[in-house]
Amino acid sequence: WAVLVAGALMGAGDVIAQQLVEQRGLRGHQCPRTLKMMGIGFCFVGPVVGSWYRILDWLIPGNTKVVAVKKVILDQGGFAPCFLGCFLAVTGAVNGLSVQDNWSKIQQDYMDALMTNYCIWPPVQIANFYFVPLQLRLAVVQCVAIVWNCYLSWKANRM
């Protein structure tokens with residue numbers, strides 16, 4: 001279920017990026033790009049983030065405020081920087097970039113994307129880890145992530 005939600009919402013984020021941010025219009029919409037982003041959601045984002053939440057809950061069990069803060073520190077200090085780099089690399093590879101071009105694109109986009117991540121995700125994750133049961137965390141994050149996915153799609157597909 002979580003994988004399906006991640007894929008669908010990654011696709012929705014790309015549609016929003018193309019239509020509202022890039023203003024491509026229906027004729028200019030790049031359907032293959034949307035399908036690629038959905039595939040990344042199904043095959044990468046959903047499984048990796050879903051597994052991460054299970055691991056994080058195993059490493060730091062409980063749902064007190066202190067536990068939520070510890071989870072956010074580990075999530076945002078360790079997982080988020082690695083995941084974001086991997087996401088940008090996967091997107092570049094799926095878009096057919098050479099290793100050298102992909103590395104250049106990651107270097108160009110990574111810090112800006114990471115700083116944007118830190119503006120959005122810590123408060124969301126505090127609430128997520130404190131109030132939301134484990135089996136619903138990925139779905140909650142993906143619902144909030146519709147805007148984040150739009151940003152990531154725009155950032156990752158900007159050439």
Side-chain angles (χ1 to χ4, degrees), residues 1-58 63 68 71-72 74-97 102 105-106 109-159:
W1 168 252
V3 169
L4 294 176
V5 169
L9 291 175
M10 286 297 296
D14 181 69
V15 169
I16 293 168
Q18 289 193 53
Q19 296 305 313
L20 296 180
V21 178
E22 300 167 27
Q23 299 183 346
R24 292 183 176 274
L26 294 178
R27 291 181 190 259
H29 189 87
Q30 298 172 344
C31 289
R33 175 178 139 181
T34 300
L35 292 173
K36 287 177 190 176
M37 293 304 290
M38 288 177 73
I40 291 168
F42 290 136
C43 299
F44 178 70
V45 175
V48 170
V49 174
S51 296
W52 169 243
Y53 287 148
R54 286 188 296 280
I55 291 167
L56 192 56
D57 215 49
W58 175 76
N63 63 345
K71 286 180 180 180
V72 168
L74 192 54
D75 180 61
Q76 293 298 302
F79 178 76
C82 296
F83 176 80
L84 188 55
C86 291
F87 174 84
L88 292 172
V90 166
T91 305
V94 167
N95 284 333
L97 295 181
N102 202 1
K105 178 122 179 72
I106 292 167
D109 293 344
Y110 180 77
M111 285 309 295
D112 182 47
L114 186 62
M115 291 303 111
T116 303
N117 169 84
Y118 287 145
C119 292
I120 295 171
W121 286 110
V124 169
Q125 291 295 54
I126 285 280
N128 197 29
F129 293 137
Y130 186 59
F131 295 112
V132 180
L134 174 63
Q135 66 272 18
L136 298 177
R137 286 184 190 149
L138 180 59
V140 168
V141 164
Q142 286 300 320
C143 288
V144 173
I146 196 87
V147 173
W148 177 245
N149 294 341
C150 173
Y151 169 79
L152 283 180
S153 179
W154 169 77
K155 181 65 102 176
N157 288 287
R158 217 170 30 124
M159 299 297 167

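Values reported hereafter were calculated over all heavy atoms of this structure, with side chains retained and with hydrogens, waters and symmetry mates removed.
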Stepwise side-chain contact (heavy atoms from CB on, under 4.5 Å) test for Val147 and Ile120: CA-CA 10 Å; Val147 173; Ile120 295 171; 5.6 Å; no
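- Side-chain contact between Met37 and Val15: absent, with no pair of heavy atoms (C-beta onward) separated by less than 4.5 Å.
- Using a 4.5 Å cut-off on side-chain heavy atoms (C-beta onward), His29 and Thr34 make contact.
- With hydrogens and angles ignored, the 3.5 Å screen pairs a side-chain donor or acceptor of Asn102 with a backbone N or O of Ala89.
- A 4.5 Å side-chain heavy-atom check between Ile40 and Phe87 finds at least one atom pair inside the cut-off.
- In this structure, the side chains of Val144 and Asn128 stay at 4.5 Å or more apart for every pair of heavy atoms.
- Residues satisfying the salt bridge (charged side-chain N to carboxylate O under 4.0 Å, His left out) criterion with Arg24, sequence neighbours excluded, are Glu22.
- The side-chain heavy atoms of Leu84 and Leu152, taken from C-beta on, include a pair separated by under 4.5 Å.
- Here the side chain of Gln23 pairs no donor or acceptor atom with the backbone of Gln18 at under 3.5 angstrom.
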Start with the C-alpha gap between Asn95 and Lys36, add the side-chain angles, then the distance that decides, and say whether side-chain contact (heavy atoms from CB on, under 4.5 Å) holds. CA-CA 8 Å; Asn95 284 333; Lys36 287 177 190 176; 3.6 Å; yes
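- The salt bridge (charged side-chain N to carboxylate O under 4.0 Å, His left out) test applied to Asp75 returns no partner, not counting sequence neighbours.
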Check the pair Val72 / Tyr130 against side-chain contact (heavy atoms from CB on, under 4.5 Å), numbers first and verdict last. CA-CA 10 Å; Val72 168; Tyr130 186 59; over 6 Å; no
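- When each of Tyr151, Trp121, Trp148 is paired with Thr116, the side-chain hydrogen bond (donor to acceptor under 3.5 Å, both in side chains) condition holds for Tyr151 and for no other.
- Residue Val132 comes nearest to Arg137 through the heavy atom pair O-NE, 3.0 Å, listed as atom of the first residue, atom of the second, then distance.
- Between Gln76 and Asn117 the shortest side-chain heavy-atom distance falls below 4.5 Å.
- Taking both residues in full, the closest heavy atoms of Gly78 and Cys82 are given as O-SG, 3.4 Å, listed atom of the first, atom of the second, then distance.
- With rounding to the nearest 0.5 Å, the separation of CD in Gln125 from OH in Tyr53 is 3.5 Å.
- In this view, Phe44 and Phe83 satisfy the ring-ring contact (aromatic ring centres under 6.0 Å, His included) rule, not counting sequence neighbours.
- Contact detail for Asn63 and Phe129: the closest heavy-atom pair is CB-O, 4.0 Å.
- Here the closest non-hydrogen pair linking Lys155 and Asp109 is O-OD2, 3.2 Å.
- Here the shortest heavy-atom pairing between Val21 and Cys150 reads CG2-SG, 3.7 Å.
- Leu4 has its side chain within reach of Phe42: a pair of non-hydrogen atoms, C-beta onward, lies under 4.5 Å apart.
- A pairwise comparison of heavy atoms in Thr91 and Ala156 identifies CG2-CB, 3.3 Å as the closest pair.
- For the atom pair Leu74 CG and Leu56 CG, the distance stands at 5.5 Å (nearest 0.5 Å).
- Looking only at side-chain heavy atoms (C-beta outward), Arg33 and Ser153 come within less than 4.5 Å of each other.
- With rounding to the nearest 0.5 angstrom, the CE atom of Met111 is 14.0 Å from the CD1 atom of Ile106.
- Atom CD1 of residue Ile146 and atom CE of residue Met10 lie 9.5 Å apart, to the nearest 0.5 angstrom.
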